[in-house]
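First up is the structure itself, then whatever we jot down about it.
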2 protein chains.
Amino acid sequence: MLRKSTDIRQEEIKRAVLTIIHRDGLKNISTKNLAKEVGISEGTIFRHFQSKNDIMMGIIDDVSQGLIEELKKITLLDKPADKRLFDLLCKTVTYLVENKGITILLFSEASYDNDTVMLKKLNYIFNSQKQLAGKIISDGIAAGIWDKTISIEDVTTLYMGIPITLNIEMILNGEKFQYKNFCNRMYNLMLKILMKT
Amino acid sequence: MLRKSTDIRQEEIKRAVLTIIHRDGLKNISTKNLAKEVGISEGTIFRHFQSKNDIMMGIIDDVSQGLIEELKKITLLDKPADKRLFDLLCKTVTYLVENKGITILLFSEASYDNDTVMLKKLNYIFNSQKQLAGKIISDGIAAGIWDKTISIEDVTTLYMGIPITLNIEMILNGEKFQYKNFCNRMYNLMLKILMKT
DNA sequence: TACATTTGCAAGCAAATACTTACTTATGTT
DNA sequence: AACATAAGTAAGTATTTGCTTGCAAATGTA
């Protein structure tokens, strides 16, 4: 009987959630299937997590501490705004491609039970991204490289559509979808919006 | 005992699905809750639908025959491309606001069980919108009002982010979210992308 | 009025759900 | 070697799930 620490098992279980969502769909993330995927018994899952909801919360916290913290660093770097916006977008796209299933989870959890704690966490993830993009755009305008007449709120709303569309395409078109150059292509469109007229 | 025809009951049941999703979350669309919302017994639901899955399929078919057919009409109207693009976007936004819960349903069904029939229906809904927008943009370029160097595929990908972001905002910000002028604001951003340089 | 059809419901079904219990076994420490 | 602790399991729990059954009553039609 191979034994592993709670730290390691927690990571394995969280990873299994994303694997199952991406491969088999949301319907199949039962604790029974989760256990099977990891190769442990169902009871062991509850040795390492208090509840199934705690697993989901854990994954969402990972996104906050992983992706969002990375994006903050990019935003605060001492680089021109256009470079930072490009990096911000590409980092997000890369993260979503490498963690397939995460947007489905975020979206479904957001819609699952109108749970306020969950909604706050998801609001943070969504609005952080939006605000960081807004910060960079604001910097670019201040630096004189972008159009000062545009509405930052509107541009960031449109910006937030990019990662979400990416996920819809990933679900619907599966392996066929081309993420190569995806961030470059979307970045160029954003540039045209920000461009001075 | 008040009795209604299957036609009417089917509409009531489908409407109840969207109401519950929007008000209480995805978790609560059990046949028991559905029956309670409509004011009938659980058994009666299965008098009017063969299965719960058939209810979902019915709603998705409604979107195809309702929204998508409307959008097709707009696309084929004899109007300038810019007017049609505006109408297309506004019709979509209006539909989503009036049918709150529908995007959650579409998205969750798409991710629920990797069911090919369902995925085909959803692919049709997604790609139809994308193609109709592409058709209008292509017309606008042919008419000489828009930039012929842009990638229609890229612009329509970005375009598809708009209705989806709208929904995320509706879920996360609830009643606070301002849909007023939403389509105008997004339309103006699209125009800037399409603009000749 | 007679009768077939449609719509309704209460009660029940097997299967699945998240989670618990009682107990075993491996592992690190003294 | 002795022991405490952490990690594991099989077999349960109560509850919920989508769906069925048998029968009653409303409705349309002759």
Exercise. Can we say A:Glu169 and B:Lys130 salt-bridge, meaning some charged N sits less than 4.0 Å from an Asp/Glu carboxylate O?
Worked result: yes
Problem set entry | Between C:dA15 (P) and A:Lys27 (NZ): distance, integer Å | 15 Å
For this session: For residues B:Met57 and B:Ile55, determine if any side-chain heavy atom of one lies less than 4.5 Å from a side-chain heavy atom of the other.
Result: no
For this session: Look at the side chain of B:Ser41 and decide which nucleotide, out of D:dG18, C:dA10, D:dA7, has an atom nearest to it.
Result: C:dA10
Problem set entry | A:Thr44 side chain near D:dA7 phosphate (N/O to OP1/OP2, under 4.0 Å) | no
Exercise. Between A:Asp147 and A:Ile141, is any pair of side-chain heavy atoms under 4.5 Å apart?
Worked result: no
Seminar exercise, completed: Regarding the side chain of B:Lys52, the nearest nucleotide among C:dA18, D:dC19, D:dT9 is D:dC19
Exercise. Rounded to the Å, how far apart are A:Ile13 CD1 and C:dA18 P?
Worked result: 13 Å
Exercise. Tell me, do B:Lys72 and B:Leu132 make a side-chain contact under 4.5 Å, heavy atoms counted?
Worked result: yes
Exercise. Do the side-chain N or O atoms of B:His48 get closer than 4.0 angstrom to the phosphate oxygens (OP1, OP2) of C:dT6?
Worked result: no
Exercise. Rounded to whole angstrom units, what separation is found between the CG atom of A:Leu2 and the C1' atom of D:dA6?
Worked result: 14 Å
Exercise. Contact class for B:Ser30 (heavy atom, under 4.0 Å): base, sugar-phosphate, or nothing?
Worked result: sugar-phosphate
Exercise. Over how many whole Å does the gap from A:Leu34 atom CG to D:dG8 atom C1' extend?
Worked result: 17 Å
For this session: Let me know the distance between CD1 of A:Ile55 and P of C:dC19, rounded to the nearest Å.
Result: 8 Å
Exercise. In terms of the nearest nucleotide of DNA chain C, which residue is placed more toward the 5' end: A:Ile29 or B:Gly39?
Worked result: B:Gly39
For this session: In whole angstrom, give the distance that lies between atom CZ of A:Arg47 and atom C1' of C:dT25.
Result: 12 Å
For this session: Using a cut-off of 6.0 Å, state whether more than 12 heavy atoms not belonging to B:Lys192 lie near its atom NZ.
Result: yes
For this session: Please check the phosphate of D:dG18 (OP1 and OP2 only) for any side-chain N or O of B:Ser51 closer than 4.0 Å.
Result: no
Problem set entry | Interatomic distance, A:Asp113 CG vs C:dA18 C1' [rounded to whole Å] | 14 Å
Exercise. Are any of A:Thr6's side-chain N or O atoms less than 4.0 Å away from OP1 or OP2 of D:dA7?
Worked result: yes
For this session: With heavy atoms under 4.0 Å as the rule, sort A:Ile45 into base, sugar-phosphate or nothing.
Result: nothing
Exercise. Hey, is CZ on B:Arg185 packed in by over 12 heavy atoms from elsewhere, all under 6.0 Å?
Worked result: yes
Exercise. For A:Lys36 and C:dA16, what is the distance between atoms NZ and P respectively, to the nearest whole Å?
Worked result: 12 Å
Exercise. Using a cut-off of less than 4.0 Å, is there contact between a side-chain N or O of A:Arg9 and OP1 or OP2 of D:dA6?
Worked result: no
For this session: Can you check whether any acceptor in the base of C:dC9 is under 3.5 Å from a donor in the side chain of B:Glu42, or vice versa?
Result: no
Exercise. Going by modelled atom types, is there a donor-acceptor pair between the base of D:dA25 and the side chain of B:Arg3 at under 3.5 Å?
Worked result: yes
Exercise. Where the side chain of A:Phe46 is defined as all heavy atoms beyond and including C-beta, which of D:dA7, C:dT20, D:dC19 is the nearest nucleotide?
Worked result: C:dT20
